[in-house]
Amino acid sequence: MFVPFESLPLESKIWIYQSNRKFSDQECAEIETDLQAFLQNWSAHGTALEASYQLKYNRFIIIAVNQEVQNATGCSIDASVQFIQNLEKKYDVDLLDKMNVTFKLGEHIAHKSLLDFKKMAKDKAVTEKTIVFNNLVNTIEDWNTNWEVPAGESWHSRFF
C-alpha cells in the first residue's frame with residue numbers, strides 16, 4: 001500500500017539505489033508512476049506493505065517500508081529487486097552496482113567507480129570534507145542524518 005513518505009515512522013527500513021547517470025525530468029515522472037504502482041501492490045505473505053519512495057537529485061531511488069505494520073521478507077525483497085532490474089533495462093542505467101561512489105563537486109553530483117574515487121582521494125581531487133552519499137544507511141532516521149555527509153564521517157574515510 002503506497003503512503004506518503006512523510007507518514008512513515010523514522011524506524012522504517014530503506015533501500016537506496018543510485019543511478020550511474022542523472023535521469024531526465026521525463027524519466028523521473030515515468031519512474032514515479034511505476035514506483036507508485038509497484039508500491040501500491042507490494043506485499044509480503046499476502047499482507048500489504050506500507051511503503052513509499054523518494055527520488056532525489058534525479059539520480060537516487062529510495063524505497064521505504066514501515067516494518068511496524070509488516071516486515072519485507074525474502075519474496076517481497078526479491079520482487080523489489082526485480083522491479084529495480086526492470087528499471088535498469090527500461091532506462092539503460094545501473095542501479096545495483098555497489099562498487100560506485102556518488103558525491104558532490106560543488107553543485108554537481110559526480111558518480112565514479114570506487115577505484116576512481118580512491119585515486120581522486122590520493123590525488124586530493126576529493127577530500128575528507130567532500131560530501132558523499134552514504135547508501136549504507138538502513139532507516140529513514142539514519143537517511144535523514146547520515147546520508148549526505150563529509151567523506152571523513154562515512155565509510156569513505158578509509159581512502160584519506
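Atom set for the values below is all heavy atoms of this structure, side chains included, hydrogens, waters and symmetry mates excluded.
- Counting heavy atoms of neighbouring residues, nucleotides and ligands inside a 6.0 Å radius, atom CD of Q36 exceeds 12 of them.
- For K112, the NZ atom sits in a loose shell: 12 or fewer heavy atoms of surrounding residues, nucleotides or ligands are nearer than 6.0 Å.
- When the side chains of ILVMFWY residues are joined at heavy-atom separations under 4.5 Å, either directly or via intervening members, L136 and M99 end up in a single hydrophobic cluster.
- Residue pairs meeting the salt bridge (charged side-chain N to carboxylate O under 4.0 Å, His left out) criterion with at least one partner in residues 25-36, sequence neighbours excluded, are R21-E27, D34-K90.
- Note on ring orientation: taking the six-membered ring where Trp is involved, the planes of F60 and W147 are perpendicular (angle over 60°, cut-offs 30° and 60°).
- Closest approach of S52 and F5 over heavy atoms only: OG-N, 3.1 Å.
- Linking Ile, Leu, Val, Met, Phe, Trp and Tyr whenever their side-chain heavy atoms come within less than 4.5 Å leaves I62 and I131 in two separate clusters.
- Proximity of a side-chain donor or acceptor of D92 to a complementary backbone N or O of E88 within less than 3.5 Å is not detected.
- Scanning both residues, T73 and S76, for their nearest heavy atoms gives N-OG, 2.7 Å.
- Going from atom NZ of K22 over to atom NE2 of H108 covers 9.0 Å, rounded to the nearest 0.5 Å.
- Note that CZ of F38 and CG of L35 are 8.5 Å apart. Values are rounded to the nearest 0.5 Å.
- S154 and H156 share a side-chain donor-acceptor pair at under 3.5 Å.
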**OP:** Tell me, with the steps shown, if V101 and D116 meet side chain to side chain contact (heavy atoms under 4.5 Å, CB included).
**Re:** CA-CA 9 Å; V101 178; D116 286 345; over 6 Å; no
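- A side-chain donor-acceptor contact under 3.5 Å links D94 to the backbone of L96.
- Other residues, nucleotides and ligands place no more than 12 heavy atoms under 6.0 Å from the NZ atom of K118.
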**OP:** Applying side chain to side chain contact (heavy atoms under 4.5 Å, CB included), run through V81 and W15 and close with a yes or a no.
**Re:** CA-CA 10 Å; V81 171; W15 295 268; over 6 Å; no
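- For the pair S157 and G152, the tightest heavy-atom approach, listed with the atom from each and the gap, is CB-O, 3.5 Å.
- Between the CG atom of N41 and the CZ atom of F2 there is a distance of 12.5 Å, given to the nearest 0.5 Å.
- Atom OG of S80 sits about 4.5 Å away from atom CH2 of W42, to the nearest 0.5 Å.
- For the pair I16 and I61, the minimum side-chain heavy-atom distance is 4.5 Å or more.
- At distances below 3.5 Å, not a single donor-acceptor pair connects side-chain atoms of N66 with backbone N or O atoms of E50.
- Of the possible donor and acceptor atoms, none in the side chain of Q70 sits under 3.5 Å from a partner among the backbone N and O of A48.
- Taken together through direct or relayed side-chain contacts under 4.5 Å among Ile, Leu, Val, Met, Phe, Trp and Tyr, L114 and V126 form part of one hydrophobic cluster.
- Transitive grouping of hydrophobic side chains (ILVMFWY, heavy atoms separated by less than 4.5 Å) keeps V149 and V137 in distinct clusters.
- The distance from the CG atom of L87 to the OH atom of Y17 is 10.0 Å, given to the nearest 0.5 Å.
- The heavy-atom pair separating A64 from L8 by the smallest distance is CB-CD1, 3.6 Å.
- Remark: the D142 side chain and the N138 side chain contain no N/O donor-acceptor pair separated by less than 3.5 Å.
- Put simply, the side chain of T145 gets close to the backbone of E141: a donor and an acceptor are under 3.5 Å apart.
- Put simply, OG on S19 and CD1 on I109 are 11.0 Å apart, with the number rounded to the nearest 0.5 Å.
- For the 3.5 Å distance criterion, the side chains of Q18 and T102 qualify, holding a donor opposite an acceptor.
- Between H111 and F103 the shortest side-chain heavy-atom distance does not fall below 4.5 Å.
- Ring-centre distance between W155 and F133: not below the 6.0 Å cut-off.
- Using a 4.5 Å cut-off between side-chain heavy atoms of Ile, Leu, Val, Met, Phe, Trp and Tyr, with links allowed through other members, I14 and V3 fall into the same hydrophobic cluster.
- Using a distance-only test at 3.5 Å, with no hydrogens or angles considered, no donor-acceptor pair links the side chain of D123 to the main chain of A125.
- Counting heavy atoms of neighbouring residues, nucleotides and ligands inside a 6.0 Å radius, atom NZ of K124 does not exceed 12 of them.
- Side-chain N/O atoms of E148 and Y57 include a donor and acceptor closer than 3.5 Å.
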**OP:** Give the intermediate values and the outcome of side chain to side chain contact (heavy atoms under 4.5 Å, CB included) for residues L39 and I63.
**Re:** CA-CA 9 Å; L39 295 176; I63 295 177; 4.1 Å; yes
Original post:
So V65 and S12, side chain to side chain contact (heavy atoms under 4.5 Å, CB included) or not? Walk me through it.
Top reply: CA-CA 5 Å; V65 65; S12 295; over 6 Å; no
